[in-house]
Amino acid sequence: MSSDASIVGKNLMQPAPTQLPEEPGVLARIEAGDLPEDIAIRFPKSSLAWALMAEDAWAEGRTIDAYAFARVGYHRGLDSLRGAGWRGAGPVPYSHEPNRGFLRSLYMLGQAAAAIGEGEEVHRIEAFLVDADPTATEQIAQG
């Protein structure tokens, strides 16, 4: 029997948390005040750029645009997650800032899906968010 304290309390069957790479170019453009649309043109693979567009559209009452932008951000994020070694399950912690673009896109997709009556999709998204990080929804909603 092992006395290794580092494994006590760990679920050894759960994959390690996935951490997406930093996006310094995207962050620099946000800091410079570029519009999300301009950032997405320069960095189309960035979930964060698409999440920002979805959030802006949502705030302006453009539900279908928010849904579309969030869906692109979600799919770009899935591509990035797979590239970072994610195998379809396991934690994607909100505490790791580069993961937030994907998680925000997923959250916005759920909000917009609910607004257009896509109930089954809403339930899948809620489950995905909880599996990725049980605190993500609350943290995103708090802004």
Side-chain angles (χ1 to χ4, degrees), residues 4-143:
D4 186 349
S6 67
I7 63 169
V8 174
K10 283 189 179 181
N11 178 351
L12 298 178
M13 298 301 291
Q14 175 139 350
T18 301
Q19 296 188 337
L20 294 174
E22 300 283 335
E23 294 183 301
V26 172
L27 297 177
R29 298 315 329 146
I30 292 169
E31 184 70 26
D34 289 7
L35 294 173
E37 292 84 352
D38 295 329
I39 297 169
I41 289 169
R42 290 184 69 178
F43 303 95
K45 293 182 180 180
S46 172
S47 286
L48 180 56
W50 293 100
L52 293 171
M53 288 194 307
E55 291 166 354
D56 285 353
W58 182 258
E60 294 168 3
R62 296 183 294 123
T63 304
I64 297 300
D65 291 342
Y67 181 86
F69 294 145
R71 181 157 292 288
V72 173
Y74 162 72
H75 283 286
R76 292 295 190 160
L78 288 176
D79 292 343
S80 296
L81 285 169
R82 289 181 189 113
W86 184 76
R87 299 289 175 242
V92 181
Y94 188 82
S95 61
H96 181 66
E97 193 163 337
N99 290 350
R100 292 180 184 176
F102 168 72
L103 294 168
R104 287 167 62 181
S105 290
L106 186 59
Y107 175 83
M108 284 307 309
L109 183 58
Q111 297 300 298
I116 64 172
E118 287 285 335
E120 288 181 28
E121 184 173 32
V122 171
H123 294 299
R124 285 191 306 273
I125 290 167
E126 289 172 348
F128 194 163
L129 275 168
V130 168
D131 288 345
D133 183 335
T135 70
T137 298
E138 181 179 341
Q139 290 184 74
I140 294 167
Q142 291 177 354

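Excluded from the calculations below are hydrogen atoms, water molecules and symmetry mates; all remaining heavy atoms, backbone and side chain alike, are included.
In this structure, CZ on Arg29 lies 11.5 Å from CG on Leu27, to the nearest 0.5 angstrom. Taking CD1 of Ile116 as the reference point, atom CD1 of Ile64 lies at 5.0 Å (rounded to 0.5 Å). Once rounded to the nearest 0.5 Å, the distance linking CD of Gln142 with OG1 of Thr137 reads 11.0 Å. Rounded to the nearest 0.5 Å, atoms OG1 (Thr18) and CG (Leu81) are 6.0 Å apart. In this structure, Ile39 CD1 and Ile30 CD1 are separated by 4.5 Å, a value rounded to the nearest 0.5 Å. Note that the CG atom of Leu48 and the CZ atom of Arg76 stand 14.0 Å from one another [nearest 0.5 Å].
The number of heavy atoms from other shown groups lying within 6.0 Å of CD (Glu120) does not exceed 12. For Glu138, the CD atom is loosely surrounded, since the number of other residues' heavy atoms within 6.0 Å does not exceed 12.
Looking at Trp50, its side chain never comes within 3.5 Å of a backbone N or O of Ala68 through a donor-acceptor pair. No donor-acceptor distance shorter than 3.5 angstrom exists from the side chain of Asn99 to the backbone of Tyr94, with no hydrogens or angles considered. Side chain of Arg104 to main chain of Leu52: no donor-acceptor pair is present (N/O by atom type, distance under 3.5 Å, no hydrogens or angles).
Listed here is the closest heavy atom pair of Leu129 and Tyr107: CD1-CA, 4.0 Å. Scanning all heavy atoms of the two residues, the minimum distance from Ala51 to Gly101 falls at CB-O, 3.7 Å. Nearest heavy-atom pair, Gly73 versus Ser105, reported as atom, atom and distance to 0.1 Å: CA-OG, 3.5 Å. Considering all non-hydrogen atoms of both residues, Ala66 and Ala112 come closest at C-CB, 4.3 Å. Heavy atoms only, all atoms of each residue included: Gly90 and Pro15 are closest at CA-CG, 3.9 Å. Residue Pro98 comes nearest to Pro21 through the heavy atom pair CB-O, 3.3 Å, listed as atom of the first residue, atom of the second, then distance.
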> What do the steps show when you test Gln111 against Trp58 for side-chain contact (heavy atoms from CB on, under 4.5 Å), and what is the final call?
Replying inline: CA-CA 9 Å; Gln111 297 300 298; Trp58 182 258; 4.1 Å; yes
>> Please determine whether side-chain contact (heavy atoms from CB on, under 4.5 Å) holds for the pair Leu35 and Asp56, giving the CA-CA distance in whole Å, both sets of side-chain angles, and the decisive distance to 0.1 Å.
In response: CA-CA 10 Å; Leu35 294 173; Asp56 285 353; over 6 Å; no
>> side-chain contact (heavy atoms from CB on, under 4.5 Å) for Leu78 and Trp86? Distances and angles first, verdict last.
In response: CA-CA 9 Å; Leu78 288 176; Trp86 184 76; 3.9 Å; yes
>> Using side-chain contact (heavy atoms from CB on, under 4.5 Å), reason through Val92 and Asp133 one step at a time and then give a plain yes or no.
In response: CA-CA 6 Å; Val92 181; Asp133 183 335; over 6 Å; no
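Contact check for Lys45 versus Ser80: no side-chain heavy atoms found under the 4.5 Å cut-off.
Between Phe102 and Tyr74, the angle of the ring planes stays under 30°, which puts this pair in the parallel group of the 30/60° scheme.
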